[in-house]
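Here the structure is a predicted model, which means the values were calculated and not measured. Values below: every heavy atom of this structure, side chains too, minus hydrogens, waters and symmetry copies. Heads up: numbering here begins at 1 and tracks the sequence.
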Amino acid sequence: MANTESAPTQQFVEIKEIQEDLVVLRTGGLRKVLLVSGINVELKSEEEQNLIYLEYQNFLNSLDFSLQFIVHSRKLNIERYLKLLEARESEESDELLRNEVSEYREFIRSFVAENDIMSKNFFVVVPYDTVSISTGKTIRGFLPSFMPGKKKPSAEKQAEEKTREESGEIEKNLFQLNQRVDHVVSGLRTIGLRAVPLNKEELVELFYNLYNPESIERQDIKLGREENQENAPQ
């Protein structure tokens with residue numbers, strides 16, 4: 001029986017690459033992932049709840065493209081917090097306070113070890129997909145080989161031309177995607193929700209956690225990074 005090698009995991013992942021805050025799919029489609037704050041509707045009055053529902057309905061009716069809403073529950077990583085407590089303990093000169101910090105740190109460590117402490121993050125995926133006409137591309141790539149005095153470009157030239165075309169296509173489509181993102185952010189703001197696009201590091205962290213759900217998260221994705229605090233709605 002012939003040995004067959006297992007197919008690489010990458011071929012099952014639709015993501016081609018991540019550029020800054022942009023997810024590029026193998027199909028050429030583009031995605032931006034927004035981290036969205038939450039609202040505890042139960043704490044609102046009936047009038048406030050009805051207003052939220054109405055604004056949300058108006059927001060959905062204003063869309064002429066699809067959205068994907070994701071609620072991601074994941075195990076809370078407290079390693080960083082425990083290290084802060086450990087550093088605080090070593091810096092404390094008062095023996096009584098040092099013992100209290102030590103006992104508190106051990107309590108937190110044992111409590112989390114015995115109980116799964118979960119955190120929830122809310123995401124909105126804004127898509128933009130292109131529709132390509134294969135016939136047109138075939139004609140443009142087919143005719144030059146029959147034109148007199150024209151040599152077929154080398155493989156290197158063809159690769160460079162393809163890269164330039166793909167780069168130009170992404171820039172053009174990115175403009176359309178950013179318009180959609182602005183519309184979504186503005187619409188969510190009317191409901192009282194704040195939305196922030198994830199950057200490259202956060203996207204890598206998110207997809208790592210999604211594809212490795214059994215792992216403890218390496219770091220938290222926080223809403224309200226320093227670079228976005230100036231533009232935060234009041």
Membership question, hydrophobic clusters at under 4.5 Å side-chain separation (ILVMFWY): are [Y] and [X] in the same one?
X	Y	result
Phe65	Phe175	no
Leu34	Leu63	yes
Phe107	Leu84	no
Tyr104	Leu97	no
Leu54	Ile39	no

Q. Rounded to the nearest 0.5 Å, how far apart are CZ of Arg194 and OG of Ser37?
A.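 Rounded to the nearest 0.5 Å, the CZ-OG separation comes out at 8.0 Å.
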
Q | Ile18 CD1 to Glu202 CD distance, which is reported to the nearest 0.5 Å | A |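 Rounded to the nearest 0.5 Å, the CD1-CD separation comes out at 11.5 Å.
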
Do [X] and [Y] come within less than 4.5 Å of each other through their side chains, counting heavy atoms only?
X	Y	answer
Leu174	Tyr128	no
Phe123	Val71	no
Glu14	Arg26	no
Val33	Leu206	yes

(Q) Tell me whether Phe111 at atom CZ has more than 12 heavy atoms from other residues, nucleotides or ligands lying less than 6.0 Å away. (A)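 It does not: Phe111 CZ has 12 such atoms or fewer within range.
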
Q: Look at atom CZ of Phe69 and say whether more than 12 heavy atoms of other residues, nucleotides or ligands are closer to it than 6.0 Å.
A: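 Check passes, neighbour count above 12.
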
Shortest non-hydrogen contact from [X] to [Y]?
X	Y	value
Leu188	Ala195	CD1-CB, 3.9 Å
Ser90	Ala87	OG-O, 2.8 Å
Glu17	Gln19	OE2-NE2, 2.9 Å
Pro127	Leu67	CD-CD2, 4.4 Å
Val126	Leu177	O-CD1, 3.5 Å

Q) Which pairs with one or both residues in residues 56-69 pass side-chain hydrogen bond (donor to acceptor under 3.5 Å, both in side chains), sequence neighbours excluded? A)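 Output for this query lists Ser62-His183.
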
Q: I would like to know whether Phe122 and Leu35 meet side chain to side chain contact (heavy atoms under 4.5 Å, CB included); could you show each step before the answer?
A: CA-CA 6 Å; Phe122 306 94; Leu35 177 63; 5.9 Å; no

Q: Would you please test Val23 and Leu30 for side chain to side chain contact (heavy atoms under 4.5 Å, CB included) and show each step?
A: CA-CA 6 Å; Val23 179; Leu30 306 179; over 6 Å; no

For [X], enumerate each residue passing the side-chain hydrogen bond (donor to acceptor under 3.5 Å, both in side chains) test, keeping only those at least two apart in sequence or located in another chain.
X	answer
Thr190	none
Arg180	none
Glu47	none
Tyr53	none

Q. Do any N or O atoms from the side chain of Ser102 and from the backbone of Arg98 form a donor-acceptor pair under 3.5 angstrom?
A.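 Checking the backbone N and O of Arg98 against the side chain of Ser102, no donor-acceptor pair under 3.5 Å is found.
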
Q) Are any side-chain N or O atoms of Gln179 and backbone N or O atoms of Gln176, one a donor and one an acceptor, separated by less than 3.5 Å? A)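 The answer is no, because no donor-acceptor pair under 3.5 Å joins these two groups.
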
(Q) Apply side chain to side chain contact (heavy atoms under 4.5 Å, CB included) to residues Glu20 and Asn199 and explain how you reach the verdict. (A) CA-CA 6 Å; Glu20 297 181 358; Asn199 58 34; over 6 Å; no

Q: Decide, yes or no, whether a salt bridge links Asp21 with Lys32 under the criterion of side-chain N to carboxylate O below 4.0 Å.
A: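 Counted as a salt bridge, because a side-chain N and a carboxylate O are separated by less than 4.0 Å.
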
Q. Applying salt bridge (charged side-chain N to carboxylate O under 4.0 Å, His left out), which residue pairs with at least one partner in residues 85-96 are found, sequence neighbours left out?
A.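 Of all non-adjacent pairs touching residues 85-96, those that pass salt bridge (charged side-chain N to carboxylate O under 4.0 Å, His left out) are Arg88-Glu92, Glu89-Arg105.
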
